[in-house]
Amino acid sequence: MLSIQTIRENPQWVIERLKVKNFDASEMIDLVIDLDSQKRETQKMLDDHLAESNRLSKEIALCFKEGNKAEADSLKFRSQELKSVSKALEAGMSKLVVRIHDLMVQLPNLPQEGVPAGRTPDDNEEVESHGQMPALAQDALPHWELAAKYDIIDFELGSKVTGAGFPFYKGKGAKLQRALITFFLDQAAEAGYTEYQTPLAVNEDSAYGTGQLPDKDGQMYCITDDQLWLIPTSEVTLTNIFRDVILRESDFPIKITAYSPCFRREAGSYGKDVRGLNRLHQFDKVEIVQVTNPERSNQALEEMREHAASLIRKLNLPYRVLKLCGGDMSFASAMTYDFEVFSAAQKRWLEVSSVSNFESFQANRMKLRYKNADGKSVQAHTLNGSALALPRIVAALLENNQTPQGIIIPEVLRRYTGFDLID
RNA sequence: GGAGAGAUGGCAGAGUGGUCGAAUGCGGCGGUCUUGAAAACCGUUGGGUGUAACAGCCCCGGGGGUUCGAAUCCCUCUCUCUCCGCCA
């Protein structure tokens with residue numbers, strides 16, 4: 001959520017910035033500003049009435065002490081009158097607060113100056129590419145066929161036991177999953193991230209805090225009986241650790257990581273996008289999160305970008321990094337890099353990581369602050385990124401590393417898998 | 001799941017209707033003393049909103065109610081602890 005101060009002080013600038021995200025905010029901003037000034041006016045009146053009530057109460061107490069009952073009764077009467085006015089003002093206030101809030105949560109985060117304008121993924125800007133495209137044989141197989149051939153992933157069994165998009169991993173396939181998770185976590189630890197194991201479900205406040213609610217609830221699985229949501233990423237649990245927290249500047253940078261399964265409904269997806277491992281309802285991911293002060297957050301973003309890139313390099317996969325255009329960025333992000341690996345048999349780029357700086361957008365929502373040098377509490381900045389999401393990495397590894405003898409396991413993973421070939 | 005107890009400032013812990021935003025202790029910060037440190041002593045020390053700065057207003061787990069007035073009384077929710085049951 002943007003801060004109301006930003007909107008108050010610079011409405012035109014906010015509108016301009018949001019155009020980069022193809023969001024026409026002019027009407028909403030006007031309305032917010034109007035409601036906000038009404039709110040402030042009402043607040044002032046209400047405060048004055050309350051001040052008078054407080055004063056009268058003290059006077060009444062004094063009258064009782066002096067035994068002046070008649071005076072006390074007349075003051076009581078006045079106080080009651082005041083109170084009914086206060087009640088009306090208060091009702092008006094809370095209506096305004098709700099209306100303002102409802103509008104505010106609909107405003108996306110402002111993209112940074114460097115974010116390219118654009119509407120579709122075609123407008124994203126490639127900022128880095130690395131690695132050789134593998135030269136595969138003519139009869140190279142897509143990963144879902146390789147998975148069946150070597151009996152390492154069973155999609156049909158998942159469909160039977162749970163539903164489409166919930167695969168079983170089996171034998172060397174299961175071990176490969178475990179190896180990747182451990183490899184990613186070890187690398188994160190080496191980069192200074194503290195490992196967490198978090199709950200896999202969150203309450204409504206948390207889902208709201210990172211922005212999944214109020215309007216992205218269609219993407220999450222909900223446990224209605226207990227009003228819990230399955231996490232779509234451990235970003236939700238990791239970031240909500242800091243909900244309603246006031247940190248000290250010396251706590252920065254906070255760097256934390258977690259492996260978790262992620263649950264996504266992915267309503268509306270279809271076709272080749274959901275084939276095999278390309279898009280699942282449950283998948284594994286190692287997430288990295290940083291909380292830091294505003295001055296350092298872009299530096300932190302670059303550091304996280306390099307971390308994700310180094311993982312892909314170590315796995316020997318060809319990849320490219322895209323700076324997302326305004327239209328392709330998420331609601332909450334101010335700057336996002338996407339990482340795509342090339343999955344050679346499908347001949348497709350697959351997104352395996354997304355690293356974002358949310359600046360104070362999430363922090364404002366969840367009241368995450370820190371005390372700066374002046375002793376003022378100000379909003380911290382939050383960032384997160386995948387490091388990395390497993391299924392598409394597995395897809396690319398299977399496809400790119402296939403040989404007549406079997407699938408070759410990258411050097412760095414062998415100490416974790418205990419084997420160097422899937423055959 | 002059943003029975004009971006509780007939730008107060010960074011922590012501990014007073015406060016059961018009227019200058020209580022809250023005693024006291026610890027911790028933190030500043031100072032005196034010291035070559036330096038410790039100890040001792042003195043001072044200071046919650047959050048939010050608002051203002052040019054004051055003032056004012058709100059906050060004693062969350063929400064609602066009673067009252068002129070609520071940390072204190074009532075209702076409700078959440079959480080914690082103790083005992084019993086069940087259980088990886």
Side-chain angles (χ1 to χ4, degrees), chain A residues 1-9 32-33 35-102 104 197-209 213-214 222-229 237 240-252 254 261 291 360 362-380:
Chain A
M1 187 157 74
L2 299 174
S3 78
I4 187 73
Q5 289 88 345
T6 309
I7 294 174
R8 251 183 231 151
E9 286 161 19
V32 165
I33 286 178
L35 291 171
D36 179 55
S37 72
Q38 282 183 51
K39 186 199 124 184
R40 284 148 68 88
E41 221 169 279
T42 312
Q43 179 83 66
K44 179 83 182 83
M45 278 195 285
L46 176 61
D47 284 358
D48 289 347
H49 277 78
L50 290 176
E52 179 66 5
S53 288
N54 289 341
R55 206 184 56 74
L56 283 176
S57 288
K58 279 179 190 156
E59 226 173 288
I60 291 168
L62 244 146
C63 287
F64 275 124
K65 226 173 251 173
E66 291 165 0
N68 192 348
K69 185 149 185 330
E71 178 69 7
D73 282 342
S74 103
L75 289 175
K76 267 194 201 181
F77 183 72
R78 266 181 64 200
S79 186
Q80 272 166 333
E81 281 181 329
L82 266 177
K83 196 180 170 180
S84 72
V85 179
S86 304
K87 279 226 164 182
L89 287 168
E90 216 165 286
M93 263 292 287
S94 50
K95 257 185 208 156
L96 285 166
V97 168
V98 168
R99 284 185 67 191
I100 292 169
H101 183 261
D102 285 353
M104 296 281 287
Q197 233 184 71
T198 78
L200 302 181
V202 292
N203 59 29
E204 198 167 336
D205 286 345
S206 297
Y208 175 83
L213 295 180
C222 182
I223 304 167
T224 48
D225 279 353
D226 300 286
Q227 291 196 331
L228 295 174
W229 308 82
T237 36
N240 271 287
I241 291 172
F242 303 100
R243 175 152 52 80
D244 290 319
V245 167
I246 299 177
L247 295 162
R248 282 169 303 199
E249 193 153 16
S250 59
D251 295 330
F252 294 145
I254 290 170
V291 181
S360 58
Q362 290 180 329
N364 188 38
R365 234 176 215 248
M366 66 173 112
K367 298 195 172 60
L368 160 53
R369 291 159 294 177
Y370 73 97
K371 288 237 189 259
N372 68 12
D374 306 332
K376 279 242 170 200
S377 44
V378 295
Q379 259 119 27

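Being a predicted model, the structure only gives us computed values, none of them experimental. In what follows, chains carry the letters A, B, and so on, assigned in the order in which the sequence lines appear, proteins first and then strands, with residues in each chain numbered from 1.
When the side chain to side chain contact (heavy atoms under 4.5 Å, CB included) test is applied to K58(A), no partner is found at least two apart in sequence or on another chain. Residues that satisfy the salt bridge (Lys or Arg N to Asp or Glu O under 4.0 Å) test with D205(A), not counting sequence neighbours, are absent from this structure. Remark: K44(A) pairs with D48(A) by the salt bridge (Lys or Arg N to Asp or Glu O under 4.0 Å) rule, at least two apart or across chains. Remark: N68(A) engages C63(A), A70(A), E71(A) in a side chain to side chain contact (heavy atoms under 4.5 Å, CB included) (not counting sequence neighbours). In this structure T6(A) satisfies the side-chain hydrogen bond (donor to acceptor under 3.5 Å, both in side chains) test together with S3(A), sequence neighbours excluded. With sequence neighbours excluded, no residue satisfies salt bridge (Lys or Arg N to Asp or Glu O under 4.0 Å) with D244(A). For S360(A), the side chain to side chain contact (heavy atoms under 4.5 Å, CB included) partners are Q379(A), H381(A), not counting sequence neighbours. Under the side chain to side chain contact (heavy atoms under 4.5 Å, CB included) criterion, I4(A) pairs with R8(A), V32(A), D36(A), M104(A), sequence neighbours left out.
Residue pairs meeting the side chain to side chain donor-acceptor pair (under 3.5 Å) criterion with at least one member in residues 77-92 of chain A, sequence neighbours excluded, are E52(A)-R78(A).
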Report all interatomic pairs (protein N or O, nucleotide N or O of nucleotides 54-56 of chain B) with separations under 3.5 Å.
{"residue": "G56(B)", "atom": "N2", "partner": "D47(A)", "partner atom": "OD2", "Å": "2.9"}

For nucleotides 67-71 of chain B, print each protein N/O atom paired with a nucleotide N/O atom at under 3.5 Å, atom names and distance only.
{"residue": "C68(B)", "atom": "OP1", "partner": "Q80(A)", "partner atom": "NE2", "Å": "3.4"}
{"residue": "C68(B)", "atom": "OP2", "partner": "Q80(A)", "partner atom": "NE2", "Å": "3.4"}
{"residue": "C68(B)", "atom": "O2'", "partner": "S57(A)", "partner atom": "OG", "Å": "3.4"}
{"residue": "C68(B)", "atom": "O2'", "partner": "S79(A)", "partner atom": "OG", "Å": "2.5"}
{"residue": "G69(B)", "atom": "OP1", "partner": "K83(A)", "partner atom": "NZ", "Å": "3.2"}
{"residue": "G69(B)", "atom": "O4'", "partner": "S57(A)", "partner atom": "OG", "Å": "3.1"}

Taking only nitrogen or oxygen atoms into account, show me every contact under 3.5 Å that the protein makes with nucleotides 44-48 of chain B, one pair per line with its distance.
{"residue": "G47(B)", "atom": "OP1", "partner": "K371(A)", "partner atom": "NZ", "Å": "2.3"}
{"residue": "G48(B)", "atom": "OP1", "partner": "S377(A)", "partner atom": "OG", "Å": "2.0"}

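Atom pair M45(A):CE and G50(B):P shows a separation of 17 Å (rounding to whole Å applied). Regarding K39(A), its NZ atom lies at a distance of 15 Å from the P atom of C58(B), rounded to whole Å.
Taking side-chain N and O atoms only, R55(A) has no distance below 4.0 Å to OP1 or OP2 of C57(B).
When the nearest nucleotides of RNA chain B are assigned to L46(A) and Q5(A) by heavy-atom distance, the more 5′-ward of the two goes with Q5(A).
Across all strands shown, C54(B) forms no Watson-Crick or G-U wobble pair with both distances under 3.5 Å.
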